[in-house]
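Here's the structure, in structure tokens; my notes come after.
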Amino acid sequence: MTTTLTLAAHPPFSLPAVIKSHGWIQLLPFAEDESAGGFRYIAHLDSGRVVTLRVQTAGDGVRVDVDTPLDAAERAQVAQAITWMLGLEQDFSAFYALARQEPKLAHVEARAQGRLLRSPTLFEDTVKTILTTNTAWGGTRRMVSALVAEFGAPLPDDPAQHAFPTPARLAATDDATLRDVARLGYRAPYVLALAQSVASGALDLEALQGTDLPTAELHKRLLAIKGVGRYAAASLLMLLGRYDFVPVDSWARTLVSREWHDGQPVGASEIEAAFADWGPWKGLAYWFWDWDHLSDA
DNA sequence: GGTAGACCTGGACGC
DNA sequence: GCGTCCAGGTCTACC
């Protein structure tokens, strides 16, 4: 027996657009399912069960298949998780109205761009974001894979596959293990401290999903997390649906430098200034800007 | 508020 | 195979 859920999305919606919105699909326990045009995600449910969610386009939303019967609470959790992960309820009509006036963003509405693929929990997204800092993408993939393989709960039908580790599981490890086994390097104490504060209840990260806190306050709270600086905080704000900041990394500096500064070095202030007119949509304008002509940068 | 140096890893490169 | 250099954000100490 299997379980199937059908979830509607606020139009316009494109599952491939969400999947390709950034690199998260390449990080375990996500896996792209190209034959179905969707993805798989190994979820560790509150009930303790570990299941594979198979997601593909269906009608104006998505269909979620699970290879096992789920009880009512588990079904509700899966529906809530997928709705959050894909931003099914997000409305970008205000952004699209502005984007129509800008040739470099004229494509976003037709492609249904705007949603960014999220993990089910802000804890997972925060750990992954910390692991994107000060390293190449290959390093991020390696560190996330190691964390999942070493500390994630195994899938019963295929124990070689694992869910993302829970805060409690990571909190139960130690700095040296995270350095030696997962090769997190100097990031190990950051991830450990985050896991411990979430597991102990000292930090309620998940309460920030859908919070109505002002963006400035949210920004402040994210920056208070060790290992989360300006770039990581801006990235996490984007995942939380707040686009007031541009995640300034070396790639952003390269793009903005070549687009508006004739290849001369630029800093965060120049990047923020380049998108200042986009107000609460700065981050999205940067993210979906048509940089194609700079792809060899 | 701004800046320099340390942090850690893996890849590129030269020998 | 080995050693060196470099890129990638954040933190801390210092001015």
Side-chain angles (χ1 to χ4, degrees), chain A residues 22-28 116 118-119 122-151 165 170 173-198 202-203 205 208 215-240 242-259 261 263-276 282-283 286-287 291 294-297:
Chain A
H22 64 138
W24 257 210
I25 192 67
Q26 298 173 32
L27 301 180
L28 294 175
L116 298 171
R118 300 152 156 163
S119 304
L122 188 55
F123 171 72
E124 181 176 332
D125 275 341
T126 304
V127 171
K128 286 178 171 175
T129 299
I130 289 172
L131 299 186
T132 66
T133 60
N134 208 23
T135 188
W137 181 242
T140 301
R141 295 183 68 176
R142 173 187 53 76
M143 289 184 271
V144 172
S145 295
L147 274 188
V148 169
E150 293 294 332
F151 307 109
L170 286 181
T173 183
D174 56 54
D175 188 276
T177 303
L178 290 175
R179 286 176 188 268
D180 298 341
V181 176
R183 311 294 293 171
L184 301 193
Y186 71 92
R187 303 169 195 81
Y190 300 152
V191 170
L192 183 61
L194 176 65
Q196 289 174 336
S197 59
V198 171
L203 174 62
L205 258 190
L208 301 184
T215 301
E217 174 61 23
L218 203 45
H219 190 226
K220 196 172 152 187
R221 294 197 188 188
L222 292 170
L223 285 174
I225 298 170
K226 282 285 174 60
V228 174
R230 290 183 60 176
Y231 159 77
S235 295
L236 288 168
L237 281 176
M238 296 260 289
L239 293 177
L240 287 169
R242 310 291 183 97
Y243 313 105
D244 306 63
F245 296 86
V246 176
V248 177
D249 59 3
S250 59
W251 185 235
R253 278 191 278 270
T254 296
L255 293 173
V256 170
S257 165
R258 297 201 176 197
E259 182 86 347
H261 295 273
Q264 296 303 306
V266 299
S269 57
E270 285 90 351
I271 294 172
E272 291 289 344
F275 292 96
K282 284 191 199 81
Y286 158 72
W287 198 254
W291 307 101
L294 297 175
S295 59
D296 61 341

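Chain letters run A, B, ... following the sequence lines, proteins first, then strands; residues in each count from 1. Only heavy atoms go into these numbers, but all of them, side chains included; no hydrogens, no water, no symmetry mates.
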Whole-Å distance, A:Arg179 CZ to B:dG10 P, equals 13 Å
Surrounding CH2 of A:Trp24 (heavy atoms of other residues, nucleotides or ligands, distance under 6.0 Å), is the total greater than 12?
yes
Distance check needed: C:dC11 P versus A:Ile225 CD1, whole Å only.
10 Å
Gap between atoms OH and P, on A:Tyr186 and C:dT10 respectively (whole Å)
8 Å
When we call it a touch if two heavy atoms are under 4.0 Å apart, what does A:Gly227 touch: a base, just sugar-phosphate, or nothing?
sugar-phosphate
Output yes when A:Asp175 and A:Arg179 qualify as a salt bridge under the 4.0 Å nitrogen-oxygen rule, no when they do not.
yes
Atom pair distance, as rounded to whole Å: CZ in A:Arg230 and P in C:dT12:
17 Å
Whole-Å distance separating the CZ atom of A:Arg183 from the C1' atom of B:dC7:
14 Å
Could you tell me the separation between the OH atom of A:Tyr231 and the P atom of C:dG8, rounded to a whole number of Å?
12 Å
Taking atom C1' of C:dG9 as reference, at what distance in whole Å does atom CH2 of A:Trp137 sit?
15 Å
Is A:Ala232 touching bases, backbone alone, or none of the nucleic acid, heavy atoms closer than 4.0 Å?
sugar-phosphate
Please state whether the phosphate of B:dG10, meaning OP1 or OP2, lies under 4.0 angstrom from any side-chain nitrogen or oxygen of A:Arg142.
yes
Counting any heavy atom closer than 4.0 Å, what does A:Ser250 reach on the DNA or RNA strands: base, sugar-phosphate only, or nothing?
sugar-phosphate
How are the rings of A:His219 and A:Phe245 set relative to one another: parallel (under 30°), tilted (30 to 60°) or perpendicular (over 60°)?
parallel
Which of these nucleotides, C:dT10, C:dC11, C:dG9, is closest to any side-chain atom of A:Lys226?
C:dC11
Give the nucleotide from the list C:dG8, B:dC7, B:dG10 with an atom nearest to the side chain of A:Arg187.
C:dG8
According to the interplanar angle, ranging from 0 to 90°, do the rings of A:Tyr286 and A:Phe275 count as parallel (below 30°), tilted (30 to 60°) or perpendicular (above 60°)?
perpendicular
Could you measure the distance from the CG atom of A:Leu194 to the NZ atom of A:Lys226? Nearest 0.5 Å is fine.
12.0 Å
Please report, rounded to the nearest Å, how far the P atom of C:dC11 is from the CG atom of A:Asn134.
11 Å
